[in-house]
Structures are given as structure tokens and as C-alpha cells.
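To start, the structure itself, in C-alpha cells.
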Amino acid sequence: MHKVVLSRVSDPGAPPIQVLARLPEHLLPPTLADQGPDQAIVALRQGRHLLTTFHPELTQDSRFHLYFVKECVLPFVGIDSQTVKTPPE
């Protein structure tokens, strides 16, 4: 099942929607910059669900994947993410 985010207002019974990342205003086209900060959102989280408007798997940077595993996967399978070692950057 696919969902489309139409609004940042979530179901009252659902976890809150968190904005994780926005594009800096200087990177936005002028028409979007004038429409407010919600036009610049590129990553959202709601509970263990993560939404991005980009493909983090297409880069060499693993920080977004690490965040997903530590914050959205491990807590839901009962593993304390603080005990997991992360590779050096």
C-alpha cells in the first residue's frame, strides 16, 4: 500500500510527523521559496516510517541509512541502538 502525504497533519492516533530535513532556501526556485517552509521538505518521519524525496542509496554517504536502522528499525525489534557500533566516517 502506498500513501501520499497531502498534509503534515497526522491522524490523532498516529505518531507525530517529524520534519527531518529541508532544502536550504537558497537552493529553492524563487516560486517555491515564496510558498513557505513546507515546500522545502525533503525528509519526514512518522514512527518507524521514513519518507524522502531523494534516493540516499545512490550516494556514498551512509549516514541516512544508519539513522534509519538506528532510529526506525532497531527500537521496533527490541535492540538498543546505543549498543550498536557504527563504522568510522
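With hydrophobic clusters built from ILVMFWY side chains whose heavy atoms lie under 4.5 angstrom apart, V77 shares a cluster with F68. Under the 4.5 Å side-chain heavy-atom criterion for grouping Ile, Leu, Val, Met, Phe, Trp and Tyr, V69 is not connected to F76 through any hydrophobic cluster.
To the nearest 0.5 Å, atom CG of residue L50 and atom CG of residue L44 are 8.5 Å apart. The distance from the NE2 atom of H49 to the SG atom of C72 is 9.5 Å, given to the nearest 0.5 Å. Between atom CZ of residue R48 and atom CD of residue E71 there is a gap of 14.5 Å, rounded to the nearest 0.5 Å. Summarising the geometry, atom CD1 belonging to I17 is positioned 4.5 Å from atom CD belonging to Q46; distances are rounded to the nearest 0.5 Å. With rounding to the nearest 0.5 angstrom, the OG1 atom of T53 is 12.0 Å from the CZ atom of R22.
With sequence neighbours excluded, the residues that form a side chain to side chain contact (heavy atoms under 4.5 Å, CB included) with H26 are P24. By the ring-ring contact (aromatic ring centres under 6.0 Å, His included) test, F54 is found to be paired with F64, residues two or more places apart in sequence or in another chain being considered.
At a threshold of 4.5 Å between non-hydrogen side-chain atoms, the residues E57 and H65 count as touching.
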